[in-house]
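Okay, here's the structure, questions in a sec.
This is a predicted model, so every value here is computed, not measured. Values below: all heavy atoms of this structure, side chains included; hydrogens, waters and symmetry mates excluded.
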Amino acid sequence: MIRTISMLVCLGVSWIAHSQNTRYGIKLGPSVGFQRWNYFQNDPLYKYHGDFWIESYQDEDPFSIFAQLGYHKKGSATRFYGPIQIDNQIYDIPANEFIFNNLSLQVGVKKKFPWGGVLGYYAFGLRGEYTVSTNLDLYDRINQFVPVYPFNSAVKRVLAGFTLGGGVELPFGALAGSVLELNICPDLTKQYYQPQINNIIDIYQPGQTTTIPEKSIKNLTLELSLGVYFTRKVIYVD
């Protein structure tokens with residue numbers, strides 16, 4: 001699956017590179033990451049993403065092919081709801097965040113249509129991603145006693161997924177404008193897989209052992225983007 005998506009991404013980028021008219025820009029915005037850890041749904045992770053994108057462009061053609069390269073923070077969090085009291089002092093426990101910093105390369109198709117006086121569009125894309133780093137080393141000390149949190153050696157760094165979404169174009173003029181876009185981004189492959197771990201010392205029952213269930217984690221991310229674009233047109237003069 002990953003090899004097929006990689007080939008499609010490369011073909012899309014090559015096709016756009018040979019197009020005469022192109023549109024390119026940058027997008028930035030907030031992200032909400034979700035991960036189901038096999039046996040329960042972890043809490044959302046609130047982070048951000050950014051992309052550079054380019055697409056084929058023709059004035060009268062509602063269809064285009066686009067490609068984009070971006071940096072996306074994905075993952076989830078475990079939150080402790082409500083403060084705790086120790087020796088008559090009240091403490092708020094910070095969230096445990098599990099962050100995966102991913103480079104993303106995507107290619108897809110876009111369909112544009114008039115909508116409320118502006119130009120709307122919807123899009124579908126295939127993604128290949130690579131995890132360049134995580135913050136999981138923060139939990140190494142806890143995992144030395146009880147391996148309840150994810151650890152780096154079980155991270156799957158090469159990922160595949162798809163993106164479905166849409167947005168609106170808000171032109172500044174004939175050759176520039178802005179975009180507002182909302183996407184849902186499910187991964188098709190696992191971000192993390194840890195098999196079941198047996199014979200772990202049970203810290204709640206001294207002298208006994210317990211089992212840590214497997215963790216099989218996929219990403220699902222919602223992304224809101226605001227960006228700008230510029231249009232490059234090739235004009236032939238006799």
Side-chain angles (χ1 to χ4, degrees), residues 5-6 8-34 44-75 99 101-130 132 161-187 219-238:
I5 290 179
S6 299
L8 291 173
V9 168
C10 292
L11 287 173
V13 172
S14 177
W15 194 91
I16 295 169
H18 288 84
S19 298
Q20 293 180 341
N21 296 340
T22 55
R23 179 170 283 178
Y24 59 92
I26 58 172
K27 299 182 292 187
L28 302 168
S31 305
V32 184
F34 301 92
L45 176 73
Y46 302 103
K47 291 299 177 183
Y48 56 87
H49 65 278
D51 295 285
F52 171 79
W53 58 275
I54 186 170
E55 67 175 294
S56 60
Y57 178 79
Q58 294 293 336
D59 288 328
E60 304 301 325
D61 190 352
F63 291 95
S64 64
I65 294 178
F66 71 89
Q68 67 181 38
L69 176 66
Y71 175 75
H72 297 242
K73 285 183 171 288
K74 299 188 172 183
I99 303 171
N101 302 306
N102 291 358
L103 289 178
S104 173
L105 181 61
Q106 180 178 181
V107 66
V109 293
K110 184 182 292 187
K111 168 68 182 303
K112 301 178 183 181
F113 56 90
W115 184 65
V118 297
L119 197 62
Y121 62 88
Y122 53 85
F124 173 81
L126 295 174
R127 286 181 290 106
E129 299 198 2
Y130 182 77
V132 295
F162 68 91
T163 299
L164 184 64
V168 293
E169 293 183 358
L170 306 169
F172 301 147
L175 299 178
S178 64
V179 294
L180 179 64
E181 186 175 282
L182 178 64
N183 290 309
I184 181 170
C185 310
D187 283 355
N219 294 317
L220 172 65
T221 312
L222 296 178
E223 298 178 346
L224 179 66
S225 303
L226 179 64
V228 296
Y229 69 81
F230 303 93
T231 303
R232 172 183 174 274
K233 291 186 176 182
V234 176
I235 300 175
Y236 295 96
V237 178
D238 293 334

Chi angles and distances behind the side chain to side chain contact (heavy atoms under 4.5 Å, CB included) call for Lys110, Phe63: CA-CA 6 Å; Lys110 184 182 292 187; Phe63 291 95; over 6 Å; no

Close side-chain approach of Phe230 and Tyr24, heavy atoms under 4.5 Å: yes

Stepwise side chain to side chain donor-acceptor pair (under 3.5 Å) test for Asn102 and Lys74: CA-CA 7 Å; Asn102 291 358; Lys74 299 188 172 183; over 6 Å; no

Side-chain H-bond candidate by donor/acceptor type, His72 with Asp51, under 3.5 Å: yes

Rounded distance [0.5 Å steps], CG in Asn183 versus OG1 in Thr221: 10.5 Å

Geometric cation-pi criterion Lys112 and Tyr121, 6.0 Å radius, 45° cone: no

Asp187 and Arg127: CA distance, side-chain angles, deciding distance, salt bridge (Lys or Arg N to Asp or Glu O under 4.0 Å) verdict: CA-CA 8 Å; Asp187 283 355; Arg127 286 181 290 106; 3.0 Å; yes

Closest non-hydrogen atom pair between Leu28 and Gly50, with its separation: CD2-CA, 3.7 Å

Min side-chain heavy-atom separation Phe34-Leu222 under 4.5 Å: yes

Full working for side chain to side chain contact (heavy atoms under 4.5 Å, CB included) between Val179 and Leu226: CA-CA 6 Å; Val179 294; Leu226 179 64; over 6 Å; no

Nearest heavy-atom neighbours spanning Ser31 and Tyr48: OG-C, 3.5 Å

Salt-bridge present (Glu169, Arg23; N to O < 4.0 Å): yes

Distance-only side-chain donor-acceptor flag, Gln106 / Thr163, under 3.5 Å: yes

Considering all heavy atoms, the nearest Gly25-Phe52 contact: O-CD1, 3.3 Å

Note, Val168 side chain near Leu119 side chain (heavy atom, < 4.5 Å): no

Minimum heavy-atom distance Phe124-Leu164, with the two atoms named: CD1-CD1, 4.3 Å

Residue pair His49 / Ser225, side-chain donor-acceptor N/O under 3.5 Å: yes

Atom pair CG/NZ of Asn101 and Lys73 - distance to nearest 0.5 Å: 3.5 Å

Ile26 to Trp53 - nearest heavy-atom pair and separation: N-NE1, 3.7 Å

Nearest-0.5 Å distance that lies between atom OH in Tyr71 and atom CG in Leu103: 8.0 Å

Side chain to side chain contact (heavy atoms under 4.5 Å, CB included) between Leu224 and Leu180, worked out: CA-CA 8 Å; Leu224 179 66; Leu180 179 64; 4.2 Å; yes

Shortest non-hydrogen separation from Pro44 to Val32 and the atoms involved: CB-CG1, 3.8 Å

Main-chain N/O of Ile65 paired with Ser56 side-chain donor or acceptor, under 3.5 Å: yes

CZ-OG distance between Phe172 and Ser178, expressed to the nearest 0.5 angstrom: 4.0 Å

Chi angles and distances behind the side chain to side chain contact (heavy atoms under 4.5 Å, CB included) call for Ile54, Gln68: CA-CA 6 Å; Ile54 186 170; Gln68 67 181 38; over 6 Å; no

Lys111 NZ/CZ over Tyr122 ring centroid, <6.0 Å and within 45° of normal: no

